[in-house]
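No experiment lies behind these values; they were computed from the predicted model shown. Chain naming here is simple, since letters A, B, ... match the order of the sequence lines and numbering starts at 1 in each.
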Amino acid sequence: GGNKEAAGSQGTGKPLRAVWCSAMNNESQPFAYKMFKKYMAQYNIEISVLDDQGDAAKQAANVAQAVAANYQWIIVNPTDAAGIVTAFKAAKEARPNIIISTYSSDVPDDAERYRDFFVGMDDATAGAVAANAFIEKFPNGGNIVEIGGQAGHNAQILRHDGFISVMKDHPEFKILDIQNTEHWATDEAQSIMEDFITKYGKKIDAVFVHWDNGATGVISAVQAAGLNGIVIVGVDGCKAGFDQVREGTQYATIMNNFETQSIASLELVSKLLAGEKVASNNYAEMDIVTLANINEFTTPEW
Amino acid sequence: MDNKYILTVSNVNKAFPGVKALDDVSIQVKQGEVHGIVGENGAGKSTLMKILSGVYAKDSGTIIFDGESIEKSTPFDSLRRGISIIYQEFNLVETMSVGENIFMGRFKEMSGMRGTHKRAAKLIEDIGSRINSHTLVKNLSTAEKQMVEIAKALSFNSKLIIMDEPSSSLTNDDLKQLFQIVKLLVSQGISVIYISHKLDEVFELCDTVTIMCDGRVIDSKPASELTRAEMIMKMVGRAIENEFPERPRCVGAPLLHVAGLNTRKLHDVSFTLNKGEILGLVGLVGAGRTEIARSLFGADKVRSAEFVLEGERISIKKPHDAIQHGIGFVPEDRKQQGLILPFSVETNISIACLKNLCRGLFRFVSQSKERECSKREIENLRIKTSSADTRVVTLSGGNQQKIIIGRWLEMHPMILILDEPTRGIDIGAKYEIYMLMKKIVEAGGSIILISSEFPEVLNLSNRVLTICDGKVTGEFDPEVASGNEIMDKVMG
Amino acid sequence: MTVVKHIVSMNDGRLERKARYFLLNHMLVVLLLLLVIVTAVVEPNSLSIGNITSILRRFGAPAFIALGLTFAIITGFIDLSIPGIVNFSAVLAIYLINPLGQVGALVVVLIFGLAAGMINGLLIIKSGGTTQAEGLFITFGMSQVWSAAAMLLSQGKTQQLRWCDRSYSLFTFLGSYKIGFVPIAMVVFVMVLILLNLLQKRTFAGRCMCLVGGNKTVARLSGIHVDRTILSAFMICGLMTVIGAVMLVGRVTTASPTVGSGFDTNAILAVVVGGTSLAGGKGNVFGTMLGVFLVILLANSMNLLGVSTHMQNVMNGAVLLLAIWADGRKTSQLK
Amino acid sequence: MRIEANPSMVQEKVIDSGKFLYEHKAIAGIVFLYALAFLYNLNGNSGFFSSYSQTLILIKATVNIIVACGVTFAVMTRSIDLSIGGVLALSGVLVIKFMNIMPVWLAILLTVLIGVIVGFINGFLIVHQNLEGFIVTLGMGILLKGVALQLTDAHPISARLSFNELADGRQLVFGLARIPNMVIIMLVIVVISSLILRYTQFGRNVYAIGGNYSVAKYSGIPVVRQKWICFGISAGLTAIAGIVNSSHLGAGNANYGDMTAMIVNCAVVVGGTSMAGGIGGVWQSAIGVLFFAVMEFSLNIMVRNSYVIMLIQGMVIVLILFGDSFGNKKRRERV
Ligand SMILES: Nc1ncnc2c1ncn2[C@@H]1O[C@H](COP(=O)(O)OP(=O)(O)OP(=O)(O)O)[C@@H](O)[C@H]1O
Ligand SMILES: Nc1ncnc2c1ncn2[C@@H]1O[C@H](COP(=O)(O)OP(=O)(O)OP(=O)(O)O)[C@@H](O)[C@H]1O
Ligand SMILES: [Mg+2]
Ligand SMILES: [Mg+2]
């Protein structure tokens, strides 16, 4: 009901022209984009995409191009959070009433004034939630290894930082080792896990892996080594993560719910257009999916 | 002036792995003379010159040039001292203009592009040429490139200009002009070292002749005191009565008809080749002889042609087809088209017959057979190489040519096309190649011989075709026809 | 006296030269041994069966790819389409399992590998490209094309073998199973290696590739089917790349449309470190295998030694430059 | 001896004019894209022809054009420089790190100096040690990215906002338009390096070395030093590009430049600088890069599906280079 009204508030005239700037070779992005497309008609918005293929300079150029092409709303999933700020600044200078929002991950705190709002999961919180999951699972502490995503990627950095910020207050846990991958590649995660198993063997109680598809590789490594009972926590809550949680190979996945986030973004834009003030930071609920509560969620299709 | 030596080389030695290229070599060159150096392939002529020009370092010995002892030298030092060299292979940058080639590396001295071209134009004019200094070198003909090389040598105010086989790619006309230029140079007091395998030239041009053999100097004398026979004997270490073997006479029935051969360059070329015949093609540079050979061998695109071999129409689309029909081809450019320079002698010999050395379903190459076949040719053709595994890049020109011929002999070709087979090859080796040709035709094969040396074609061929501007202009029996008659048709 | 001295000093020089020559000649082996020893001292577990198995299993994909690439390089080209081919074939394989079954899917992707290689080869032959440079960017473009195709097919999603009704045993068999401690991938690889080594060193086809890599004009004028040779080299490269992709899918049980990135660089480095000259005409299939070992062991050792991901890049670059340098020294000494 | 005017020369004139299109394919491509955009613009409102968009295209191309200017020097000497990706990332990171502890000008100077030194190391390995440029620079690129990762601990580092002015500040040029500094810097670099290549001793030597190395050497050109300097310029200009890039983005990250190496080398070749050496120039390279920028910009407008854009880009690369080699072949046949 509310959705229709929002659309109505914009009048029945021309739809709002929005553009989605992100790296479409990053698997979560095509799905998130799809979620936007699914709901945008209800808000009288039309959306198209500018792909940067994971290149920060390209993304900055794409934002500028979006300004040139008179898009009214630019949604950015920053490939490089620090490197996109100047593009936002330039965009706001060129067209002050353009709406810029970040999605999924945000720009640095001091740059928040260059965008209108942020919707997404706080990756640092995701790391912290993962840490808390371990703390809950192992009251007496244990040994953990961390396998990070693409080195230098915004999500990798924040998930790691969030994780460590909680863990550093829990001396009963020992972080045995940390390695990042080069490309969010499953086989890299698997290789790293294999090497960790070689090095630490049965000492490893738990694994924090930054993304569920990486967890797939970790699980393969653990199974090949014949180890049992290693607790694996991943982030994303994609289909692979759900499957793994359901079959018991992965303890938990921290869910990034793109559906609710996209709806939230659309709502916020409607409010902005209606002249209302909106919150700058809109953190999405962080759902932690385990075997216990998995049936409360619909399995996502990505 | 007569007694002044511009260059004195004494007791110079140079060894390469496996070969002693120069053995105690001593040579003296007077100022303002043309000093000829002759010798078989691999005698060490080019090596000596490369030491003079600073490309190689000598192992021992002394070189005194213009009163100065030269110990270590780079090519540039030598140029600055006044030694220029025109190498056996052309040494120009094809993608740059004539002027820039002449003053390469001295752009600043010439005060930029404009100065460069102005000076270059003057130099070119001085040697009586009319090349535009802005032309790109790749658009020049062979003779014109030579002119540019000479202009380049002159641009350094050289006192000594070394020409390493400058005539090997020139026609008679071009050669005359070259001679004129050499004489012009000498009259200005410049010395010229002239290396050639064409003894006529040496006698015509040179004041003094040095004969080398196997890295040693055999003799050094005024040309007037030498006879041709003497010179040859010293070069090859034995007497050669005739430069050409007796003309083989075993012409049989027609073997190959070529009819209506048309390409971009050729117009309706038709001829017949008989069994056991040596068919000579004569013409000026660019007449299209090479083109005929390449078309027949399937190496170039052909617009239309009909080949009839032993009464059967055959189609030759690529070299492989030609080889299947027993045609072999020795190309004129042996470095680019004839040999894989970094590969071994053995590999280079066995390329064409490799298929026959294979066995089994998966065509395994039999190494023993390959070794056998390369050994056979090395002995047969007396190829001077330390082993079958030597890389051909280190061999002298003549030996390289023999390797290519050996490659085809292993195939027992029915027709062998030889394009300038003796270019840059010494008398001894030439004779051997002539004998080889004779052997081939006597064994029932046929040969198409392309050569810019008229005596060679006329003395060996059973029949001669004159080619001009891509057309066959005449057919002669060289035993009957006079040289003038033939030249007439060659000129068109 | 002086004569004796002279002889002695000559002998000395020769010995020293021999030692240096040996070291340079076997730099790769020396490096590998060094790596193994250092790692074993710091982390004794590195010699455990588990680690060896895991290394061997990891070895599959890059090894097949580098092996195939060796042939393209011998023939005088570099195939940069590898990432694209891996991306597309990995995605395609999983896509096809449901409609075609595993064997069908496997056969189709293998055919795709041959076809992709053939397209590379045909593009190069038909354009008359005879130099490495001409082939370089054409294959780079093809990589983009295949990567885009993989994206279009998968819509950017990572494909999971488990989505195929768990009927993925053939792929996992190839990628993960082992006999004793030797993975199947390794067994297949050794067989292929031996065959391809025979092909390269002993057969007519292998010789043709060397000749074509040496000088295309000469090869053509000597009756070698240059076009056919180039085509077959690229087809071998394409096929091996796809086999590598299949092994990869079998090992990790997923396929993202960007899974192939970086495989080209690693393969080129492995081939060159293994002693195959980028100039073409000369190749060493076993060397390639050692080169891949170096690349993989390097990563393994550094993980075990606790070197950070970032520093690993530095080490990789440095060690590879060292190996390339040693190889270069060797060839220049032979000259 | 002389070439007299003959019919074939007239014919050649005709061929020459046909050749024009082929030699200026990048310009032709840009013109074609503008024509297409013009047609497209009749239907939709994309702002393509606004001065804002046109400046944008220049900005988009700027960093890569600066890199391409440098790379041209390396390619002209018949080599390739794949280390530029690493140099771009490292210099971007370094300049920001340095800026925190020293004045900006010194930070910039020092960063460029480090770039030049990297180039000299490349040159040393390639020229003195006779190694393949392709492989050396590839390994160097990996190494440098590792250094950048290590320096930043894989975090992007933000620059002071004032640093952004260096690239994005605008100057009124000839009272006509306000042009961003980075574009002006780029134009200055293009003009200077093109003048150097065209009208100085050094530049002509580069052409000679690319045209025929041994001839250049025997003509007394200090080939070794010269080639060395070319690699120095390549990496040095890339370092400048890295600084501009970081200033434009306001941050430094080890990931910047991941795609640069291949794309820029490819663009240089598409622009008309031959990898066979001796042919081409800075302008050509710049136009090649610009072509890619225009293509990307207009494809972004014309095509909705980003994967299709990728596909088209790949195909265009393949097509252009196919045409390029095909033209080479035709020309070879004509001679
Ligand atoms: N770079 C090299 N490495 C090894 N051996 C060489 C090298 N250059 C020349 N040689 C050898 O030195 C000897 C002399 O060669 P050189 O080229 O001087 O002969 P040449 O008299 O010029 O012969 P030609 O008349 O065929 O040109 C030959 O046996 C040759 O194989
Ligand atoms: N001086 C020249 N100027 C322009 N083109 C030339 C010249 N010389 C040769 N060519 C080119 O060479 C080709 C044919 O020459 P080809 O080599 O077939 O003749 P040839 O009689 O075999 O000469 P050669 O004596 O060099 O073997 C022609 O396409 C012609 O354009
Ligand atoms: Mg010689
Ligand atoms: Mg000819």
Side-chain angles (χ1 to χ4, degrees), chain A residues 23-31 33-34 51 53-54 148 150-152 156 176-201 211-214 216-221 223-227 236 238-240 243-244 247 249 301-302, chain C residues 42-43 45-55 57-58 61-62 87 144 147-148 150-151 154-163 172 175-178 183 247-249 251-263 296 299-310 312-313:
Chain A
M24 297 297 275
N25 58 4
N26 178 347
E27 49 193 301
S28 61
Q29 297 310 302
F31 178 71
Y33 177 57
K34 201 171 162 187
D51 178 12
Q53 291 164 3
Q150 179 178 344
Q156 176 267 320
L176 291 174
D177 213 330
I178 298 171
Q179 287 285 1
N180 297 323
T181 55
E182 263 182 81
H183 304 114
W184 299 102
T186 310
D187 66 310
E188 284 182 70
Q190 182 166 348
S191 300
I192 291 173
M193 189 59 201
E194 283 168 356
D195 291 342
F196 282 167
I197 291 173
T198 300
K199 198 167 169 188
Y200 304 106
W211 74 118
D212 283 343
N213 280 314
T216 311
V218 173
I219 291 165
S220 295
Q223 286 178 340
L227 294 175
D236 278 348
C238 65
K239 187 160 183 290
D243 287 349
Q244 281 152 197
E247 65 186 23
T249 45
E301 54 175 284
W302 69 291
Chain C
V42 180
E43 185 54 67
N45 275 343
S46 73
L47 296 180
S48 69
I49 297 285
N51 192 42
I52 292 172
T53 306
S54 114
I55 288 173
R57 203 185 310 142
R58 232 177 280 174
N87 288 341
Q144 304 270 78
S147 294
M151 282 291 180
S154 67
Q155 286 303 310
K157 274 184 279 191
T158 293
Q159 310 293 309
Q160 300 261 353
L161 266 182
R162 66 181 83 239
W163 298 350
T172 40
S176 312
Y177 281 49
K178 49 193 183 192
M247 295 297 173
L248 189 69
V249 169
R251 184 167 88 89
V252 301
T253 69
T254 67
S256 94
T258 55
V259 60
S261 60
F263 272 101
I296 300 229
N300 176 254
S301 299
M302 286 193 286
N303 280 345
L304 292 182
L305 297 176
V307 180
S308 75
T309 322
H310 323 148
Q312 286 194 16
N313 268 289

Review point. Quick one: what part of C:A150 sits under 4.5 Å from any heavy atom of chain A, side chain, backbone, both or neither?
Key: neither
Practice item. Find the one option among A:I178, A:I197, A:N180 whose heavy-atom pairs under 4.5 Å with chain C are most numerous. Key: A:N180
Review point. Tell me, side chain or backbone of C:S308 under 4.5 Å from chain A's heavy atoms, or both, or neither?
Key: backbone
**Study point:** chain C contact via A:A224 - side chain, backbone, both or neither, heavy atoms under 4.5 Å
**Key:** both
Practice item. Using the side chain to side chain donor-acceptor pair (under 3.5 Å) rule, take C:R251 and A:S191 through it: C-alpha gap first, then chi angles, then the decisive distance, then the call. Key: CA-CA 10 Å; C:R251 184 167 88 89; A:S191 300; 3.1 Å; yes
Point to revise | Most contacts with chain A, counted as non-hydrogen pairs under 4.5 angstrom, among C:T254, C:I296, C:T258 | key: C:T254
**Study point:** Between A:E194 and C:N303: side-chain donor-acceptor atoms closer than 3.5 Å
**Key:** no
Check your understanding: Within the side chain of C:Q155, is there an N or O that forms a donor-acceptor pair under 3.5 Å with the backbone of A:F31?
Key -> no
**Study point:** Which atom of A:P30 lies closest to which atom of C:G156, heavy atoms considered
**Key:** CG-CA, 4.0 Å
Point to revise | Residues that C:N300 engages under side-chain contact (heavy atoms from CB on, under 4.5 Å), provided they are two or more places apart | key: A:D195, C:N51, C:I55, C:R58, C:L297, C:L304
**Study point:** Proximity breakdown for C:S46 and chain A, heavy-atom pairs closer than 4.5 Å
**Key:** backbone
Exercise for review: Walk me through it: do C:V252 and A:T216 pass the test side chain to side chain contact (heavy atoms under 4.5 Å, CB included)?
Suggested key: CA-CA 7 Å; C:V252 301; A:T216 311; over 6 Å; no
Practice item. Check C:V307 against A:Q179 and note the closest heavy-atom contact, atom names and distance. Key: O-NE2, 2.8 Å
Check your understanding: Do C:R57 and A:S220 get their side chains close enough for a donor-acceptor pair, meaning under 3.5 Å?
Key -> no
**Study point:** Pairwise distance CD(C:Q159) to CG(A:N213) - rounded to 0.5 angstrom
**Key:** 10.0 Å
Check your understanding: Which residue pairs satisfy the salt bridge (charged side-chain N to carboxylate O under 4.0 Å, His left out) criterion with at least one member in residues 176-190 of chain A, sequence neighbours excluded?
Key -> A:D177-A:K199
Study note, to complete from the structure: Okay, C:L305 and chain A: the region with an atom under 4.5 Å from a heavy atom over there is backbone
Point to revise | Candidate pair C:M151 and A:N25, rule side chain to side chain contact (heavy atoms under 4.5 Å, CB included), full reasoning | key: CA-CA 7 Å; C:M151 282 291 180; A:N25 58 4; 3.0 Å; yes
Check your understanding: Quick one: does C:N45's side chain have a donor or acceptor within less than 3.5 Å of a partner on A:T198's backbone?
Key -> yes
